[in-house]
*Asks:* 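Got a structure here, written out as structure tokens. Questions coming.
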Amino acid sequence: MNQVVPLYHQLMALYGPQGWWPLLGHDGCNPTKTGSHTGYHPGRYDFPRNRHEQFEIILGAVLTQNTAWTSVERALNNLSDLHALTPEGLAALEEATLKAAIRPAGYYNQKAGYLLSLCKFFQELDGAVPHRRTLLAQRGIGPETADAMLLYAYGQPEFVVDAYTRRIVTALGWIDAQVSYDAVKALFEAPLEAAFPNAAFRVQVYQEYHALLVEHAKRFYSRKPYGTGCPLVEALGG
DNA sequence: AACCAGGACGTGA
DNA sequence: TCACGTCATGGT
């Protein structure tokens with residue numbers, strides 16, 4: 001038994017519920033969350049509430065790859081102005097228009113192609129929950145993006161591992177830096193499955209846990225040397 | 001002026 | 001399998 005569950009409770013005590021995945025401003029969200037943007041909905045787990053919000057999460061998951069969320073919000077707002085937050089609307093855009101809209105999110109040549117192919121993919125799903133392997137077969141969807149889509153757009157119990165997660169557990173001495181994505185994921189999922197056998201509740205825990213790790217990492221793991229001032233290294237470090 | 005941001009992909013060994 | 005270069009804008 002490792003310290004995965006205690007770390008979750010520590011982070012929750014520090015920061016409280018985060019309310020991921022953020023969506024563009026709409027009723028029911030809380031734009032007042034400290035240090036973040038609009039579209040958070042802390043303490044609520046009924047998102048996405050429709051296919052439109054589901055697709056917005058899928059778009060954001062690709063746009064945020066190695067990109068700050070502030071930049072992603074600009075891109076999403078541009079797409080919203082173009083009525084392109086639906087598969088039909090996005091696919092109808094001229095290529096140059098699409099690239100210009102998502103340009104603030106970086107890698108716009110690559111991501112434009114990814115988003116267009118995702119429109120067709122999402123339409124063919126027709127509301128079905130995709131398998132993880134199916135997502136991984138799509139261009140532009142790697143392990144983290146697949147898990148983010150499954151966890152936040154489809155409510156599936158898939159733990160999301162990102163660069164922040166790696167930095168934190170590395171600083172805590174739980175792994176060394178070269179451990180594979182799937183191994184880090186399993187490190188979290190094994191104890192969480194045991195502690196939270198109810199899958200629906202575990203989804204909420206996974207959603208909060210990843211968001212809490214990001215919130216914590218933004219404070220203590222964004223600049224080298226990573227972990228400077230982190231209160232958890234003393235408390236939980238190996 | 002570097003470094004970082006809620007990574008993924010193509011390549012070569 | 002895996003380390004490495006590439007993709008790109010925007011903030012610190």
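Chain letters run A, B, ... following the sequence lines, proteins first, then strands; residues in each count from 1.
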*Asks:* At 4.0 Å (heavy atoms only), tell me whether A:Tyr152 reaches a base, stays on the sugar-phosphate, or touches nothing.
*Replies:* nothing
*Asks:* Could you check A:Leu90, A:Val72, A:Leu79, A:Asn78 and say which one makes a side-chain contact (heavy atoms from CB on, under 4.5 Å) with A:Ile102?
*Replies:* A:Leu79
*Asks:* Which part of the nucleic acid does A:Ala163 contact within heavy-atom distance under 4.0 Å: base, sugar-phosphate only, or nothing?
*Replies:* sugar-phosphate
*Asks:* Which distance, rounded to the nearest 0.5 Å, do you find between the CZ of A:Phe122 and the CD of A:Gln138?
*Replies:* 12.5 Å
*Asks:* Applying a 4.0 Å non-hydrogen cut-off, can you work out what A:Ile141 is touching in the nucleic acid: base, sugar-phosphate, or nothing?
*Replies:* sugar-phosphate
*Asks:* Whole angstrom is fine here: how far is it from CG in A:Asn109 over to P in B:dA8?
*Replies:* 19 Å
*Asks:* Please report the distance, rounded to the nearest Å, between NZ in A:Lys111 and P in C:dA8.
*Replies:* 9 Å
*Asks:* Of the listed nucleotides (C:dC7, B:dA5, B:dG10), which one gets closest to any side-chain atom of A:Arg139?
*Replies:* B:dG10
*Asks:* First locate atom CD of A:Glu208, then atom CD of A:Glu215, and finally report the distance between them rounded to the nearest 0.5 Å.
*Replies:* 11.0 Å
*Asks:* Under 4.0 Å, heavy atoms only, any strand: does A:Gly106 hit a base, just the sugar-phosphate, or nothing?
*Replies:* base
*Asks:* Taking only side-chain N and O atoms of A:Thr67, does any of them lie within less than 4.0 angstrom of OP1 or OP2 on C:dA8?
*Replies:* no
*Asks:* Measure the distance from CD on A:Glu215 to P on B:dA5 and round it to the nearest whole Å.
*Replies:* 14 Å
*Asks:* Between A:Ala105 and A:Arg223, which has a closest nucleotide on DNA chain C that is more 5'?
*Replies:* A:Ala105
*Asks:* Can you identify which nucleotide, out of C:dG10, B:dC4, C:dA8, has its nearest atom closest to the A:Asn66 side chain?
*Replies:* C:dA8
*Asks:* Round to a whole Å and report the spacing from CD1 of A:Ile102 to C1' of C:dC7.
*Replies:* 12 Å
*Asks:* A:Lys224 has a side chain; which of B:dC4, C:dT9, C:dC7 sits nearest to it?
*Replies:* B:dC4
*Asks:* CG of A:Asp182 versus C1' of C:dC2: gap in Å, rounded?
*Replies:* 15 Å
*Asks:* According to a strict under-4.0 Å criterion, is A:Tyr181 in side-chain N/O contact with OP1 or OP2 of B:dA8?
*Replies:* no
*Asks:* Side chain of A:Gln65: nearest nucleotide among B:dG10, B:dG7, B:dA5?
*Replies:* B:dG7
*Asks:* Between C:dT12, B:dC4, C:dG10, which one does the side chain of A:Pro104 approach most closely?
*Replies:* C:dG10
*Asks:* Write down the distance between CD (A:Glu73) and C1' (B:dA5), rounded to a whole number of angstrom.
*Replies:* 14 Å
*Asks:* Just how far, in rounded Å, is C1' of C:dT9 from OH of A:Tyr107?
*Replies:* 9 Å
*Asks:* Answer with base, sugar-phosphate or nothing: what part of the nucleic acid does A:Arg167 contact at a heavy-atom distance below 4.0 Å?
*Replies:* sugar-phosphate
*Asks:* Quick one: does A:Arg202's side chain have a donor or acceptor within less than 3.5 Å of a partner on A:Phe196's backbone?
*Replies:* yes
*Asks:* Return yes if some donor-acceptor pair links the side-chain N/O of A:Tyr152 with the main-chain N/O of A:Gln207 below 3.5 Å, else return no.
*Replies:* yes
*Asks:* Taking atom P of B:dG7 as reference, at what distance in whole Å does atom OH of A:Tyr108 sit?
*Replies:* 21 Å
*Asks:* Only one of A:Phe188, A:Phe159, A:Trp20 forms a ring-ring contact (aromatic ring centres under 6.0 Å, His included) with A:His210, so which one is it?
*Replies:* A:Trp20
*Asks:* Base, sugar-phosphate or nothing for A:Gln110? Non-hydrogen atoms, less than 4.0 Å.
*Replies:* base
*Asks:* Closest-nucleotide mapping onto DNA chain B: is A:Ala68 or A:Gln138 further toward the 5' terminus? I mean the 5' end.
*Replies:* A:Ala68
